[in-house]
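The next block holds one structure in the form of structure tokens; read it before the comments.
Excluded from the calculations below are hydrogen atoms, water molecules and symmetry mates; all remaining heavy atoms, backbone and side chain alike, are included.
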Amino acid sequence: MARSIHPDVTEAPMHFLRCRAILAALLIAPAALAQDDHASGTQAPPPPGAGARAASARASALLSNVTGSGTDEVPGLDGVTFQPGTGISHFDRVYAHPVGHWVLTAFADLPHDQDECCIRSGELVAREGAVAPWIPGGDELCGTLDQRCAVNSSGGFAFATNSSGSVDDDWIVTFQRGEWGHAAREGDPVPGLHGATLDDALDSCVLLDDGRAGYAADGIDGLGSTSVDDVLVLGEQVLMQEGVTIPAGQPPGAEGPIENFDLGDFWAAADGSRWLVQGDLTGGTALDDVVVVDGRVVLQEGVPVPASGYAAPVSSGGVRSASMDAAGDWIARGSNVGGHDWVVRNGAIVAETGAPLTPGTQERWDDAGFAPGFFAAAGNGCGSHVVGGATDHDDPALDAVLVLDGARIIARESDPVDLDGDGVFDDGVFIDTFGDDDLAVTEELRALCVVTLKDVTGTRVGQALVSIHAAGGVGTPHCAPSVNSSGDVATLSAGGSLEVAVNDLRLLLAGGPRGENAILVVGRDRGHQPGFGGAAGTLCIAPPHGLLHGPDRIARIDGAGRACFTADLAGLPSGGALPGETWQFQGWFRDLDGAGAPVSNTSTAVEVLLR
């Protein structure tokens with residue numbers, strides 16, 4: 001997803017004529033892990049009574065290994081189920097694109113040389129021991145699959161594997177626009193390094209929305225030294241090379257080149273404009289573990305988290321995980337010397353031990369029962385993030401949570417799970433533990449995570465990939481949109497909270513023309529004005545009306561035709577919103593007419609009744 005842009009425009013009052021100046025600016029603006037179980041032992045506390053559990057949780061299983069659940073069948077393999085058991089390794093980490101596509105590896109109940117599967121959005125797309133479809137002739141089989149997979153906005157995916165061939169058998173495999181291919185193969189030349197060829201260590205794949213792939217490659221041949229034979233590649237560019245690249249941002253006098261890249265810890269924005277990698281520097285081990293963003297160190301072992309106010313440095317192995325979302329926003333979790341735990345996003349601390357989970361709550365983040373404190377953190381490319389961690393709740397069956405944007409608990413240990421997917425929470429299973437780093441978040445605020453499950457007695461019964469609907473559809477859509485230059489009609493949906501005090505209303509535009517700018521028109525009442533101001537669409541908000549204010553008032557429609565907005569209810573035109581008021585929102589965006597001339601167009605509108 002492209003990052004939102006914020007041109008210097010004047011805030012619009014509630015008079016529509018003033019909005020036309022904003023529209024002019026809109027039209028001319030330039031295009032801009034291995035899973036760990038954090039519970040101790042195998043017997044979890046039983047879930048408390050229904051009245052003590054979070055009533056808002058809506059966790060539904062997409063896949064599970066609970067026999068007879070209906071979600072335990074491997075898609076595309078008749079009669080084959082996922083490997084049963086109560087451990088934590090039946091489903092690996094899930095990776096997702098904000099538009100909703102996801103991918104993970106999981107184990108089927110098959111012989112060990114045929115059991116590893118790659119599942120993309122509920123579809124089996126590759127399996128160990130099956131014919132490797134990217135290799136002509138059909139004579140080679142797919143080998144074991146790396147846990148680190150990737151998926152882009154169109155549903156294309158990538159993974160690392162070896163094939164059954166005896167020569168040049170390591171691959172970064174891709175599937176895009178209906179065709180199999182590969183981004184890298186053992187024996188291929190290394191981009192930009194004359195005489196160097198890839199060898200048999202290819203991993204950590206990423207896949208951009210435009211189809212370019214990235215990966216880490218170790219042990220490359222043709223350089224004459226093992227001290228420079230590890231590279232990080234994005235498309236046709238070597239981003240970093242072992243022993244050669246010296247990341248900026250290191251303490252003065254202690255600068256050193258990169259030495260290696262951690263397995264699976266390479267991330268990139270969906271358009272490739274930003275990237276992140278976790279790895280190690282050469283030299284002593286006291287300062288070697290680093291997180292690098294766009295070639296600059298942002299977190300380093302033995303150095304305090306920048307701008308945090310912490311006196312204590314990051315502990316040895318203290319950067320426990322780091323990732324980057326589709327918009328290029330990065331997030332990491334870790335610990336300092338002395339045991340203080342934190343989550344940092346784009347350089348700002350967003351959660352730490354001892355701090356309240358949400359404003360006004362008495363419950364606090366705590367590491368008494370789980371030393372790392374936090375077990376997951378992920379962003380959605382639309383400015384939102386989810387943090388998972390342990391708390392000081394006095395009931396051990398309720399002391400692990402997922403929190404959205406530091407404002408709202410969206411899931412808690414012991415929440416019920418709709419195991420069979422029928423929409424009813426009557427299956428007698430509950431969240432036991434959340435897998436470490438097994439978390440991804442979509443634009444529509446669905447949290448995808450791998451969890452272990454328990455029954456009403458607290459006995460663990462299996463593992464599942466669940467979808468937690470953190471937002472929920474809110475509001476009433478109305479207004480018939482016109483077809484835009486993408487060939488589709490644009491729709492606007494609302495999610496999040498209708499509570500003015502929570503101030504967490506999200507709006508998602510879908511079906512818009514790719515790469516164009518979009519804004520939101522805001523008003524109190526419905527209206528109907530076809531062709532307003534020469535637009536190709538209809539304005540369905542009656543005057544007086546204005547534009548959504550705030551830092552996200554202008555957004556770029558991404559490669560999937562989507563743009564996301566956060567409505568600051570306190571900053572709506574004409575003094576902000578109050579409980580009990582009804583407000584209308586409608587997308588307004590740059591477009592082209594049938595002759596290719598610039599016009600504007602609109603989405604559907606959505607009406608919300610605030611509380």
Side-chain angles (χ1 to χ4, degrees), residues 4 6-7 9-27 473-482 484 489-512 516-555 557 563-591 599-611:
S4 296
H6 313 305
V9 294
T10 304
E11 286 192 351
M14 285 287 287
H15 193 284
F16 174 64
L17 293 178
R18 301 281 183 89
C19 296
R20 297 182 67 177
I22 306 296
L23 176 62
L26 170 72
L27 294 178
V474 300
T476 303
H478 63 94
C479 188
S482 300
N484 58 61
V489 296
T491 60
L492 187 72
S493 59
S497 175
L498 293 175
E499 303 289 337
V500 173
V502 174
N503 199 11
D504 187 32
L505 182 66
R506 313 301 177 93
L507 297 120
L508 175 66
L509 185 148
E516 302 293 359
N517 288 344
I519 54 181
L520 290 185
V521 181
V522 184
R524 300 288 184 89
D525 302 307
R526 296 190 186 190
H528 186 75
Q529 187 180 350
F532 71 104
T538 298
L539 180 65
C540 292
I541 301 178
H545 35 38
L547 300 179
L548 181 70
H549 297 176
D552 294 325
R553 65 189 183 275
I554 299 180
I557 299 174
C564 41
F565 303 85
T566 299
D568 179 8
L569 299 179
L572 292 184
S574 191
L578 296 173
E581 291 182 344
T582 297
W583 285 82
Q584 317 289 331
F585 298 86
Q586 186 173 15
W588 189 15
F589 50 87
R590 179 180 178 175
D591 200 11
V599 294
S600 67
N601 211 327
T602 56
S603 70
T604 58
V606 62
E607 176 182 275
V608 296
L609 174 61
L610 300 173
R611 300 194 293 260

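Looking only at side-chain heavy atoms (C-beta outward), L547 and V522 stay at 4.5 Å or farther from each other. Taking the side chain as every heavy atom from C-beta outward, L520 and L492 approach each other to under 4.5 Å. Side chains of L505 and T566 form no contact here, defined as non-hydrogen atoms less than 4.5 Å apart. You'll find the side chain of F589 reaches within 4.5 Å of the side chain of I557, heavy atoms only. Looking at heavy atoms from C-beta onward, V521 lies out of side-chain contact with I519 at the 4.5 angstrom threshold.
Between atom CG of residue L539 and atom OG of residue S600 there is a gap of 10.0 Å, rounded to the nearest 0.5 Å. Atom CG of N484 is separated from atom CG of D591 by 5.0 Å, given to the nearest 0.5 angstrom. Interatomic distance, T582 OG1 to L609 CG, rounded to the nearest 0.5 Å: 4.5 Å. We find the NE2-CZ distance between H545 and F585 to be 14.5 Å, quoted to the nearest 0.5 Å.
When all heavy atoms of V500 and P579 are compared, the pair lying nearest together is CG2-N, 3.7 Å. Considering all non-hydrogen atoms of both residues, C564 and A555 come closest at O-CB, 4.1 Å. When all heavy atoms are compared, the tightest approach of A567 to L507 is CB-CD1, 3.8 Å.
H478 is linked by a side-chain hydrogen bond (donor to acceptor under 3.5 Å, both in side chains) to Q584, counting only residues two or more places apart in sequence or in another chain. With sequence neighbours excluded, the residues forming a side chain to side chain contact (heavy atoms under 4.5 Å, CB included) with E581 are R524, A577, L578, W583, listed by chain and number. S493 is linked by a side chain to side chain contact (heavy atoms under 4.5 Å, CB included) to L508, counting only residues two or more places apart in sequence or in another chain. Every residue two or more places apart in sequence or in another chain was checked for a side chain to side chain contact (heavy atoms under 4.5 Å, CB included) with P477, and none qualifies.
Checking side-chain atoms of N503 against main-chain N and O of L569 turns up a donor-acceptor pair under 3.5 Å. Here the side chain of S603 pairs no donor or acceptor atom with the backbone of T491 at under 3.5 angstrom. At least one donor-acceptor pair closer than 3.5 Å links the side chain of T602 to the backbone N or O of T538. For Q529 (side chain) and C540 (main-chain N/O), no donor-acceptor pair under 3.5 Å exists by modelled atom type. Looking only at distances, a side-chain donor or acceptor of S482 sits under 3.5 Å from a matching main-chain atom of A536.
Applying the salt bridge (Lys or Arg N to Asp or Glu O under 4.0 Å) test to residues at least two apart or on different chains, none of the pairs has a partner in residues 534-547. Among residue pairs with one or both ends in residues 600-611, those qualifying as salt bridge (Lys or Arg N to Asp or Glu O under 4.0 Å) are E499-R611, R526-E607; sequence neighbours excluded.
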Exercise. Check step by step if side chain to side chain contact (heavy atoms under 4.5 Å, CB included) holds for Q586 and C479.
Key: CA-CA 9 Å; Q586 186 173 15; C479 188; 3.7 Å; yes
